[in-house]
Amino acid sequence: GQTYINFYNFTRKNPDRGTSYNPVALLVAYDRGTSRDGGKAFRRYRYLKGDNMLDAFATVMFRRPPESFANRRGVEMSLFNSKYGDIFDALTPDFEKSEAFARALPAYKAAILIGGYPKHPEMTKVLTGYVKNGGTLVLNVEHLNQPFPADFAGAELTGENFNASGYKIAKRRLKTAQVLVKDEEGNPIFTVNKYGKGNVILCAPRFLVPDYDDSRDDLADAAWRLTRNGEYEFEYVEYLLDLLAKETLPAAVKGDIQYGFNKTADGWWIYLINNKGVTKF
């Protein structure tokens with residue numbers, strides 16, 4: 001109880017604590033989810049490549065620490081350090097009615113559409129308006145099944161793929177999009193297209209994860225185990241998060257520590273949390 005009293009007294013001494021600064025929205029389907037171990041959403045759905053994409057982001061944001069004595073005893077430790085800080089919020093883009101999503105999304109500088117979605121005109125309309133008014137949206141080539149405007153991504157699929165280091169990468173014809181990253185043979189991997197006041201970043205590696213046949217449970221389970229055990233690096237996901245953190249953070253924090261930002265009327269609070277040296281049960 002004394003800890004809470006001390007914290008309350010601290011807040012009274014520092015009344016201008018500002019507002020939590022979370023500039024990046026992770027857009028996750030309403031019927032999916034992830035945990036520190038990842039795997040099938042709600043332990044019931046087939047583990048699709050879209051689910052592996054979600055686990056890839058969680059893995060890169062919060063690298064699993066080495067197994068500790070407490071973990072081996074079945075005690076879960078839940079606080080993680082991340083080089084990206086506490087800059088993400090998770091939003092649901094695909095409810096049947098999109099009014100709440102449309103109100104919330106403009107608060108974010110960037111948004112990443114994660115997972116697979118059937119055609120959803122209302123969601124697509126909100127995302128298009130978000131970019132047109134100045135937002136940055138990260139799409140995967142798998143999301144081009146949505147009814148976006150023809151010039152939205154500035155590129156079109158050719159229907160061909162090529163394999164690179166286990167990834168299936170879609171070939172595209174660029175129209176107005178500019179290349180952000182290309183491979184050694186000159187194939188565009190990430191492109192950016194100006195649309196209205198904002199930008200669309202299009203990612204060519206399908207779902208940004210190593211390819212597997214997700215209709216087979218044995219291959220899906222293997223992909224989950226490789227993800228959970230940290231054997232996948234997910235370099236494309238890491239590139240995106242590095243880029244967005246650099247573009248959206250007001251300051252750089254380096255070191256093995258948890259951190260985040262609060263925006264005040266005339267500046268910033270930066271908070272630092274040491275998750276090392278203390279086992280939090």
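Keep in mind the model is a prediction, meaning the values are calculated, not measured.
Evaluation of the salt bridge (charged side-chain N to carboxylate O under 4.0 Å, His left out) test over residues 24-34, restricted to residues two or more places apart or in two chains, returns R32-D51. Every pair tested for salt bridge (charged side-chain N to carboxylate O under 4.0 Å, His left out) that includes a residue from residues 117-140 fails, sequence neighbours excluded, so the list is empty. Listed by first and then second residue, the salt bridge (charged side-chain N to carboxylate O under 4.0 Å, His left out) pairs that reach into residues 139-149 are E142-R206, sequence neighbours excluded. Applying the side chain to side chain donor-acceptor pair (under 3.5 Å) test to pairs two or more places apart or on separate chains, none has a residue in residues 92-102. Pairs passing the salt bridge (charged side-chain N to carboxylate O under 4.0 Å, His left out) check and including a residue from residues 175-194, sequence neighbours excluded, read E156-K175.
A204 and P188 make their closest contact through CB-O, 3.8 Å (heavy atoms, listed as atom of the first residue, atom of the second, distance). In terms of heavy atoms, N193 sits closest to G154 at ND2-N, 3.4 Å. In plain terms, the two heavy atoms of D16 and A265 that are nearest each other are OD2-N, 4.2 Å. Residues F101 and P93 share a closest heavy-atom pair of CZ-CB, 3.5 Å. Between C203 and N140, the closest heavy-atom pair is O-ND2, 3.4 Å. Taking all atoms of both residues into account, the shortest heavy-atom contact from V141 to L202 is N-CD1, 3.9 Å.
At a threshold of 4.5 Å between non-hydrogen side-chain atoms, the residues L27 and L105 count as touching. Contact annotation: the side chain of Y108 approaches that of L91 to within less than 4.5 Å [non-hydrogen atoms, C-beta and beyond].
The side-chain hydrogen bond (donor to acceptor under 3.5 Å, both in side chains) test applied to Y271 returns D86, not counting sequence neighbours. N145 meets the side chain to side chain contact (heavy atoms under 4.5 Å, CB included) test with no other residue; sequence neighbours excluded. Listed by chain and number, the residues in a side-chain hydrogen bond (donor to acceptor under 3.5 Å, both in side chains) with Y47 are N52, D55 (sequence neighbours excluded). Shown here are the side-chain hydrogen bond (donor to acceptor under 3.5 Å, both in side chains) partners of R216, two or more places apart in sequence or in another chain: D218. Partners of E247 according to the side-chain hydrogen bond (donor to acceptor under 3.5 Å, both in side chains) rule, which considers only residues two or more places apart in sequence or in another chain, do not exist here. Applying the side chain to side chain contact (heavy atoms under 4.5 Å, CB included) rule to S20 yields the partners N22, N262; only residues at least two apart in sequence or on another chain are considered.
No side-chain donor-acceptor contact under 3.5 Å links H143 to the backbone of I114. The backbone N or O of G134 sits nowhere less than 3.5 Å from a side-chain atom of Y195 that would complete a donor-acceptor pair. No side-chain donor-acceptor contact under 3.5 Å links T124 to the backbone of F148.
The CZ atom of R225 sits 10.5 Å away from atom OH of Y232, with the distance rounded to the nearest 0.5 Å.
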Could you tabulate the donor-acceptor pairs under 3.5 Å formed by side-chain atoms of residues 236-243, not counting sequence neighbours?
residue	atom	partner	partner atom	Å
E238	OE2	K83	NZ	2.8
D242	OD1	K83	NZ	3.1
D242	OD1	Y84	OH	2.9

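Under a cut-off of 6.0 angstrom, the local environment of OH in Y30 is sparse, with at most 12 non-hydrogen atoms contributed by other residues, nucleotides or ligands.
The side-chain hydrogen bond (donor to acceptor under 3.5 Å, both in side chains) test with R172 is passed by exactly one of T158, N187, T191: T191.
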